[in-house]
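Have a look at the structure below, then the notes.
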Amino acid sequence: MSGLLIASQLDEATNRFLQSQLPQDEVIGITLGLLPKLPEQTAALLVRPIEIRGLSQPQPPAGWPFQVQWTQLSSAGIDAYPKWLFQRPVASAQGTATEAIVEYVLAAIFSATKRIPELWVKDSRWSFIPQTPVRGSTLGILGFGSIGQHLAEQAQHLGMQVIASRRSKQLIELAGVETAASLEELFARADHLVIAAPLTEETRGLVGRALLAHAKPGQHLINIARGPLLDHSALLEALDSERLGLATLDVTDPEPLPDGHPLYLHPRVRISPHTSGISTLGQRRIAERFLDNLQRFKTGQPLLYPVDRQRGY
């Protein structure tokens with residue numbers, strides 16, 4: 001099979017890279033955001049999140065699905081894409097941002113334990129600020145997909161104890177990682193608790209008052225998954241009661257939070273604008289995943305990381 005028309009929402013440099021690898025096919029760039037009307041002969045689609053920051057596209061563009069045979073998402077999650085996109089096979093970008101997200105989590109842990117940025121001095125009034133060791137602390141991981149697994153491996157190299165929980169309830173078979181008997185146990189034992197689960201109807205609002213009531217006092221809660229997994233009102237209550245010591249949030253609900261939101265103003269909340277998975281190598285890795293899947297498509301093999309909309313990822 002050759003001569004395919006591929007529509008891509010990646011940046012111009014990445015689209016040029018794709019074209020250089022696909023001399024028999026044609027790669028065209030399309031605008032970010034709502035999916036526009038595509039050339040009728042479009043056979044493959046590479047898209048970035050569509051329904052974000054207040055955008056919504058409940059109806060497909062005129063002519064959909066054109067001749068689109070499959071779609072490659074640029075993210076692991078599927079919640080930022082309209083339902084009609086899944087009328088044809090869809091593959092996720094699971095794993096392409098794993099290293100970047102894990103590095104973000106480790107940076108957040110070191111920032112908290114080493115008291116950064118409050119440690120830096122600006123004048124001669126120096127005082128000694130004790131720093132908490134990372135080695136020997138306990139890392140809890142809620143969700144044990146590619147991010148959770150890689151994070152567990154790196155945390156063990158740092159001397160952290162790791163306990164984790166996964167939705168399937170299966171034992172975790174990664175050496176040195178303990179399977180939590182319950183979510184309550186996971187929260188009760190973790191010094192740093194990372195939310196890394198997919199957003200589904202079952203996990204929406206999963207981390208709320210009932211679960212946070214079991215958090216180890218002073219716990220550092222880190223959310224790099226999706227904002228709606230965490231009840232923000234319950235989070236503020238847990239912070240104000242000092243049940244939680246710190247919250248690092250790369251995701252919120254909604255995104256962005258409105259100006260003046262209490263989470264912006266809380267002294268023990270750190271918010272980044274959903275950037276933990278964005279790196280200078282990110283789009284190239286997504287493009288490489290697309291090339292792998294395109295080759296599989298052309299040779300009749302199953303796509304890597306196919307999306308199951310009923311499952312939610």
Side-chain angles (χ1 to χ4, degrees), residues 9-11 30-36 47-58 73-83 85 92-94 96-98 100-109 111-112 116-118 142-143 147 192-201 203-209 212 220-240 244-283 286 312-313:
Q9 284 187 321
L10 299 185
D11 61 34
I30 54 176
T31 57
L32 294 177
L34 302 183
L35 197 65
V47 294
R48 296 174 70 178
I50 294 172
E51 298 190 330
I52 58 173
R53 291 170 174 75
L55 292 179
S56 178
Q57 193 170 12
L73 306 183
S74 65
S75 61
I78 69 171
D79 51 295
Y81 303 91
K83 294 180 180 179
L85 189 70
S92 83
Q94 182 178 337
T96 59
T98 293
I101 294 173
V102 167
E103 288 177 359
Y104 173 97
V105 171
L106 295 177
I109 290 172
S111 178
I116 297 171
E118 63 197 276
L142 175 56
I147 293 170
H192 305 273
L193 192 291
V194 179
I195 303 173
L199 176 63
T200 68
E201 288 308 311
T203 61
R204 186 178 295 273
L206 176 64
V207 183
R209 289 180 178 83
L212 290 175
H220 177 199
L221 184 66
I222 305 169
N223 189 4
I224 46 80
R226 289 293 186 270
L229 287 162
L230 175 61
D231 182 329
H232 289 6
S233 296
L235 170 64
L236 283 165
E237 291 173 8
L239 287 162
D240 288 340
L244 293 180
L246 179 67
T248 299
L249 309 176
D250 187 50
V251 290
T252 60
D253 183 30
E255 291 186 0
L257 293 173
D259 290 339
H261 192 282
L263 285 173
Y264 283 138
L265 307 176
H266 201 285
R268 288 182 285 112
V269 175
R270 298 172 178 177
I271 300 175
S272 54
H274 203 151
T275 55
S276 65
I278 299 175
S279 79
T280 54
L281 299 176
Q283 295 214 17
I286 294 166
Y313 54 94

Validation row: [X], [Y] side chains within 4.5 angstrom (heavy atoms):
X	Y	value
Leu35	Gln9	yes
Asn223	Val207	no
Ser233	Arg209	yes
Leu221	Ile195	yes
Val269	Ile271	yes
Leu230	Leu249	yes
Ser75	Arg48	no
Ser111	Arg270	yes

Which value, rounded to the nearest 0.5 Å, describes the distance between [X] atom [atom1] and [Y] atom [atom2]?
X	Y	atom1	atom2	value
Ile222	Leu193	CD1	CG	8.5 Å
Leu73	Thr96	CG	OG1	10.5 Å
Asp253	Arg204	CG	CZ	7.5 Å
Glu255	Leu257	CD	CG	8.0 Å
Thr200	Arg226	OG1	CZ	12.0 Å
Ser92	Ile78	OG	CD1	9.0 Å

Closest heavy-atom pair and its distance - [X], [Y]:
X	Y	value
Ala225	Ala197	CB-O, 3.2 Å
Leu229	Pro198	CD2-O, 3.7 Å
Gly208	Asp231	CA-CB, 3.9 Å
Ser74	Ile286	O-CD1, 3.3 Å
Ala196	Ile147	CB-CG2, 4.4 Å
His274	Ile278	O-CD1, 3.8 Å

Exercise. Can you find a side-chain donor-acceptor pair between Thr275 and Tyr104 that sits under 3.5 Å?
Worked result: no
Exercise. Quick check: does any side chain N or O of Glu51 sit under 3.5 Å from a backbone N or O of Gln57, one acting as donor and the other as acceptor?
Worked result: yes
